[in-house]
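See below for the structure under consideration.
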There are 2 protein chains.
Amino acid sequence: MKLSNGVEWALHCCVSLSQSRTPVPAARLAELHGIPPAYLAKHLQTLSRAGIVHSTAGQVGGYRLTRSAEAISALDVVRAIDGTEPAYRCAEIRQRGPLAVPAEQCTRPCAIARAMAAAEDAWAGVLSRITIADLASAIDTDSDGAALADLRRWLAAAPR
Amino acid sequence: MKLSNGVEWALHCCVSLSQSRTPVPAARLAELHGIPPAYLAKHLQTLSRAGIVHSTAGQVGGYRLTRSAEAISALDVVRAIDGTEPAYRCAEIRQRGPLAVPAEQCTRPCAIARAMAAAEDAWAGVLSRITIADLASAIDTDSDGAALADLRRWLAAAPR
DNA sequence: GAGACCATACTCGGATATTCACTGTCCGAGTCCGGGCGG
DNA sequence: CCGCCCGGACTCGGACAGTGAATATCCGAGTATGGTCTC
């Protein structure tokens, strides 16, 4: 089980965007995090399609959050980048082989699929209760209030 | 995020093995579940290396569980097949770019990594509390006690 | 001086190569059973 | 009749191709800005 690398970038970008009042170009976000600009752009497009960020074209364009950081959960971001389908996908192998269970008896998922689904629900539950604002706050606490202040200052400074 | 297909096979195989007193060859487990024998063998080898099943060579050889079904959790099987490293791996991008945090300040994981780790802990916690015996019991209940009885009968029958 | 127009530069967006892990398969090494032989 | 030996077949184990998704990149379409020209 491996989570796309872009999830980390997207989360960091959302936290960064939450600290800026003006749109931030993808290239600037990439520079801030030291990651490939072109590839990050692809993930930001995905966030845009998911309705988490809004893109503005033109000279002073860029990305901004569509709603407040309190209203965006970590799960929203993860689902947007990684997709919504569950990690465990039951292939219904109980319906195969010499002891195949007839399809009409399979009204509910098999016990193994139920167990895996319960685990994923617990995982999603934790992430759904964490917001971008929570993450920003935690980062701020870790750095004694310095990190976000520096971040806001850097974002407000002239691009070059 | 995608979980290896072999996880499903491994869980079903463990449940099946819990119903047999004698070793079951990989080919027979594959026939039972209608899946490619050679590929299943690969996963069973992995389970063997993880110490979950024990292999016996020779004419009446095969695989058997190393301990009781109550003592094997679903997490044990998932970790054996899928690996132990977490789905989310922090690349420490906070230490990169113009606002890089000095390494000596990074005594604990960054807030985002902590959040993702908490979610994975919840996921693992659910799976660790589910045993192979629980799964077998649930399957039995679903089928009104028919499935496991049929399974034991089929496993005890002559191979061909 | 004010308004409209236009050239410009900057932005995003999708279409396109490349790499890596998962999927799937095969053949060789090792082992245990069953029959045959000798005592 | 009993024990030993050997042939055989079956088992696992690791080494070897194929495929799809994630990774990484580029260039074209669209837009807001700023300056310039006209009224």
Side-chain angles (χ1 to χ4, degrees), chain A residues 1-10 13 17 20 22-31 33-64 66 78 80-83 85 87-89 91 93 158-160, chain B residues 1-10 13 17 20 22-31 33-64 66 78 80-83 85 87-89 91 93 158-160:
Chain A
M1 187 168 55
K2 192 165 71 78
L3 207 48
S4 167
N5 203 353
V7 170
E8 180 179 8
W9 301 353
C13 284
L17 288 178
S20 175
T22 61
V24 183
R28 196 146 172 75
L29 284 171
E31 178 192 0
H33 296 110
I35 54 183
Y39 190 27
L40 175 63
K42 186 172 174 57
H43 289 304
L44 288 172
Q45 288 167 31
T46 306
L47 287 181
S48 177
R49 273 193 294 268
I52 293 176
V53 301
H54 178 78
S55 64
T56 307
Q59 260 186 328
V60 294
Y63 291 96
R64 61 173 175 80
T66 55
V78 172
I81 298 295
D82 196 62
E85 70 180 43
Y88 181 90
R89 281 149 293 114
I93 66 177
R160 76 201 79 262
Chain B
M1 187 167 54
K2 192 165 70 81
L3 208 48
S4 166
N5 202 353
V7 169
E8 179 178 8
W9 300 354
C13 283
L17 287 177
S20 176
T22 61
V24 184
R28 196 147 171 74
L29 283 171
E31 178 191 0
H33 296 111
I35 55 184
Y39 190 27
L40 176 62
K42 187 173 175 57
H43 289 303
L44 289 171
Q45 288 168 29
T46 306
L47 286 182
S48 178
R49 274 194 293 269
I52 293 175
V53 303
H54 178 78
S55 63
T56 308
Q59 260 186 327
V60 294
Y63 291 95
R64 62 173 173 80
T66 55
V78 173
I81 299 294
D82 196 61
E85 71 180 42
Y88 182 90
R89 282 149 294 115
I93 66 177
R160 81 202 77 263

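Reminder, nothing fancy here: chain letters follow the sequence lines and each chain counts from 1. All of these numbers come straight from a predicted model, not from anything done at the bench.
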From CG of A:Leu47 across to C1' of C:dC12 the rounded distance in Å is 14 Å
How long is the gap from CD on B:Glu8 to CZ on A:Arg89, to the nearest 0.5 Å? 9.0 Å
Nearest whole Å is fine: how far is C:dA21 P from B:Leu3 CG? 17 Å
Side-chain atoms of B:Trp9 come closest, of C:dT25, C:dG24, C:dT11, to C:dG24
Measure the distance from OH on A:Tyr39 to P on D:dA22 and round it to the nearest whole Å. 9 Å
Distance check needed: D:dT25 P versus A:Ile35 CD1, whole Å only. 11 Å
Among C:dC26, D:dC10, C:dT23, which is the nearest nucleotide to the side chain of B:Gln59? D:dC10
Round to the nearest Å and state the distance from A:Arg64 atom CZ to D:dA32 atom P. 13 Å
Report yes if some heavy atom in the side chain of A:Leu29 is under 4.5 Å from a heavy atom in the side chain of A:Leu17; otherwise report no. yes
Which residue lies more 5' along DNA chain D, comparing B:Ala26 with A:Thr56 via nearest heavy atoms: B:Ala26
Out of D:dC26, C:dC12, D:dA22, minimum distance to the side chain of A:Tyr63 belongs to C:dC12
Separation of C:dC10 C1' from A:Leu29 CG (nearest whole Å): 16 Å
From the options C:dT23, D:dC12, D:dA22, select the nucleotide whose nearest atom is closest to the side chain of B:Ser55. D:dC12
Between atom CG of A:Asp82 and atom CE of B:Met1, what is the distance when rounded to the nearest 0.5 Å? 6.0 Å
For the side chain of B:Lys42, counting heavy atoms from C-beta on, which of D:dC12, C:dG24, D:dT25 is nearest? C:dG24
With the side chain defined as heavy atoms from C-beta on, A:Pro25 is closest, among C:dC12, D:dG13, D:dT11, to C:dC12
Considering only heavy side-chain atoms of A:Pro36, the closest of D:dA22, D:dT25, C:dT25 is D:dT25
Nearest heavy atom decides the nucleotide; on that basis, is A:Arg49 or B:Asn5 closer to the 5' end of DNA chain C? A:Arg49
Look up atom NE2 in B:His43 and atom OG in B:Ser48, then write down how far apart they are to the nearest 0.5 Å. 14.5 Å
Round to a whole Å and report the spacing from NZ of B:Lys2 to C1' of D:dA22. 11 Å
I need the CZ-P distance between B:Arg28 and D:dT11, as an integer number of Å. 10 Å
Pairwise side-chain contact, A:Pro23 with A:Tyr63, heavy-atom cut-off 4.5 Å (strictly under): no
